[in-house]
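Residue numbers count from 1 along this sequence. Because the structure is a prediction, the values reported are computed rather than measured.
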Amino acid sequence: MLFHSATVVAALVLSLAGTDPLTAGSVRRDAGVRAVPGTKLAAGLWAPKKAKPKAPKDEAAEEEELLKPRKPAGSDGAPKGKRRPIKMDGTAEEGDDEADDSGDGDDDEDKPKVTKRRKRVSEEEDDDSADPIESQPPVIPRLINFSLGPTVLRRSFGYSIANEQGDHAFRFGYQMGVETFPMVSQPSGWWRTLGVGAYFEKEYGDSTRAQPSGVFMGAAVNHTRWGFDARYAIPAGEWVVVMPALGYGRVGADLERMTPTMPSSCLTSNPDPCFGDIKAAYLSADLHVRVAISPIFALSLAGGYLQGVGVSRGPDQITAEASASMKGFHVEAGASMLIGDWFAISAQIPFRRYLFAFSPPAGGAFMSHAATDTYYGFIGGLAVMTK
């Protein structure tokens, strides 16, 4: 107690004597003695306020505060000022990842991704619908296929009555034909192989009869065939094309006599050629089959039924004394070979038969009930086509 009191007294004495407070502070530090607050107020001394020591941080409490759930500020549960990320499919998620890496917005990245994906699907659909026809070049339907070539045909015409004249001779001529599939270049659709075919054929020659004196009597003869049809090509694999067709046609034969003669007068005893002319129309139902043997060579077979729709009447016709109906059929075997992309050569062996049935009036001079008109021979051709 004496030590502390003496120290206080010494401090008072020094203060009153004008001693520097800093010196006194050093004395206090050297002495290791703390001033008493009550004494300091009483003596009128000034001393700085000491800061209150901070309480130690409670790290566990701060962590618990951070983990507390916060009430969402926006209507969608996201904090104000921030957009809530939108979940999308795998393509969009890839776009979001790229957006995060580049720093751009989600929408700016998603839109090109979705657009690109749709474009790719559209291109794939176009490629699928635009697949070409998988037929070999010699049988594939083409935009245009035009052919022209010579013909050698023998005509054999005769009545059911043996004593009436007929016609039997080879004649030469030409044939031209065209086949077109105008929509074959379209990308898709069943109508791609819907086409049209047309043909025209004509042969020239004469008909002669030998006289007992050795003199030949004759007259010029020509026969004609033309028609058109609608056809539909059906590829049966890569090597075969089957093609049904429906059409209309006309067939005719003309004996160029100066004076018409009735069929009943055209007997075998007549020294001049004498038989009636023919002009008949028909509907056709055909089937064409084309088989590719190699990428440049093909075989074909065509045939069909012919239903007559009218036989013309006149003084020089076979119907001059009786009306007639007609029906028939035809078969053609052929082959073709490509020469490059634009040309081909072809050959056909046709056989056609037209049957006429007469309905003569009772008591007429014309006694025949039927007639047969047959053609067979060879047809060549050079074809020009689109690639």
Side-chain angles (χ1 to χ4, degrees), residues 136-142 145-158 166-179 195 197-205 207 221-229 231 233 236 239-247 249-253 278 280 282 284-307 326-339 343-355 372-385:
Q136 289 293 320
V139 297
I140 191 171
R142 298 177 182 269
N145 188 343
F146 176 80
S147 63
L148 176 65
T151 63
V152 180
L153 293 182
R154 176 178 172 83
R155 184 194 185 204
S156 179
F157 173 78
D167 180 32
H168 307 278
F170 276 100
R171 297 179 179 101
F172 301 88
Y174 65 93
Q175 183 193 50
M176 68 176 89
V178 62
E179 181 182 75
Y199 55 87
F200 179 85
E201 176 189 312
K202 195 173 186 68
E203 289 82 30
Y204 300 91
S207 178
V221 177
N222 66 77
H223 28 85
T224 308
R225 186 180 72 101
W226 64 267
F228 58 89
D229 60 51
R231 51 188 64 186
W239 300 90
V240 180
V241 172
V242 179
M243 190 184 312
L246 295 175
R250 294 186 69 93
V251 61
I278 295 176
Y282 57 85
S284 61
D286 300 333
L287 181 65
H288 303 256
V289 179
R290 300 172 183 176
V291 181
I293 306 301
S294 72
I296 63 171
F297 186 75
L299 299 177
S300 63
L301 182 65
Y305 176 76
L306 310 175
Q307 178 60 54
M326 189 270 284
K327 62 181 178 180
F329 67 92
H330 74 103
V331 178
E332 295 180 2
S336 63
M337 184 175 67
L338 291 176
I339 304 176
F343 300 97
I345 57 175
S346 62
Q348 296 177 356
I349 300 176
F351 181 87
R352 308 170 194 141
R353 174 164 287 180
Y354 307 94
L355 304 174
T372 303
D373 196 10
T374 304
Y375 300 84
Y376 55 90
F378 173 83
I379 299 174
L382 175 64
V384 181
M385 63 195 71

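- His288 is linked by a side chain to side chain donor-acceptor pair (under 3.5 Å) to nothing, counting only residues two or more places apart in sequence or in another chain.
- For the salt bridge (charged side-chain N to carboxylate O under 4.0 Å, His left out) test, residues two or more places apart in sequence or in another chain that qualify with Arg231 are Glu179, Asp229.
- At most 12 heavy atoms of other shown residues, nucleotides or ligands fall within 6.0 angstrom of atom CD1 in Ile349.
- Looking at residues two or more places apart in sequence or on another chain, you find a side-chain contact (heavy atoms from CB on, under 4.5 Å) between Leu299 and Ile293, Phe297, Ala335.
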Does the pair Ser207 and Arg171 meet the rule for a side chain to side chain contact (heavy atoms under 4.5 Å, CB included), with working shown? CA-CA 10 Å; Ser207 178; Arg171 297 179 179 101; 4.0 Å; yes
Side chain to side chain contact (heavy atoms under 4.5 Å, CB included) between Ile140 and Val241: does it pass, once the steps are laid out? CA-CA 7 Å; Ile140 191 171; Val241 172; over 6 Å; no
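- Side-chain contact check for Met385 versus Leu338: some heavy-atom pair is nearer than 4.5 Å.
- The line from OH of Tyr204 to CZ of Phe172 is 14.5 Å long, rounded to the nearest 0.5 Å.
- Using cut-offs of 30° and 60° on the angle between ring planes, the pair Tyr376 and Phe170 is perpendicular.
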Can you list the steps and then say if Arg352 with Leu153 is a side chain to side chain contact (heavy atoms under 4.5 Å, CB included)? CA-CA 10 Å; Arg352 308 170 194 141; Leu153 293 182; 3.8 Å; yes
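- Inter-residue side-chain proximity for Arg353 and Ser156 is flagged as unmet; no heavy-atom pair is nearer than 4.5 Å.
- Residues Ser300 and Arg290 bring no donor and acceptor atom of their side chains to less than 3.5 Å of each other.
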List the steps and the verdict of side-chain hydrogen bond (donor to acceptor under 3.5 Å, both in side chains) for Tyr375 and Arg155. CA-CA 5 Å; Tyr375 300 84; Arg155 184 194 185 204; 3.3 Å; yes
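- Side-chain contact annotation: Glu203 with Thr151, donor-acceptor N/O pair under 3.5 Å present.
- For Asp286, the side chain to side chain donor-acceptor pair (under 3.5 Å) test picks out His330, with sequence neighbours left out.
- Looking at Arg250, its side chain never comes within 3.5 Å of a backbone N or O of Thr224 through a donor-acceptor pair.
- Scanning for side-chain contact (heavy atoms from CB on, under 4.5 Å) contacts around Val178 gives Phe146, Ala198, with sequence neighbours left out.
- To the nearest 0.5 Å, atom CZ of residue Phe378 and atom CD of residue Gln348 are 9.0 Å apart.
- For Ala298, the side-chain contact (heavy atoms from CB on, under 4.5 Å) partners at least two apart in sequence or on another chain are Pro138, Val139, Ser336.
- For Tyr354, the side chain to side chain donor-acceptor pair (under 3.5 Å) criterion is met by no residue, not counting sequence neighbours.
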Run the side chain to side chain contact (heavy atoms under 4.5 Å, CB included) test on Phe343 and Val384 for me, step by step, so that the C-alpha distance in whole Å, both residues' side-chain angles and the decisive distance to 0.1 Å come before the verdict. CA-CA 5 Å; Phe343 300 97; Val384 181; 3.9 Å; yes
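- Taken to the nearest 0.5 Å, the CG atom of Leu148 stands 9.0 Å off from the CD atom of Gln175.
- Taken to the nearest 0.5 Å, the CZ atom of Phe329 stands 5.0 Å off from the CZ atom of Phe351.
- Rounding to the nearest 0.5 Å gives a distance of 7.0 Å between CG of Leu355 and NZ of Lys327.
- The two residues Met326 and Ala280 come nearest to each other via the heavy atoms CE-CB, 3.9 Å.
- The shortest non-hydrogen separation linking Phe200 to Tyr174 is CE2-OH, 3.4 Å.
- A search for side-chain contact (heavy atoms from CB on, under 4.5 Å) contacts involving Leu301 returns Val331, Ala333, not counting sequence neighbours.
- Arg225 pairs by the side chain to side chain donor-acceptor pair (under 3.5 Å) definition with Glu201, not counting sequence neighbours.
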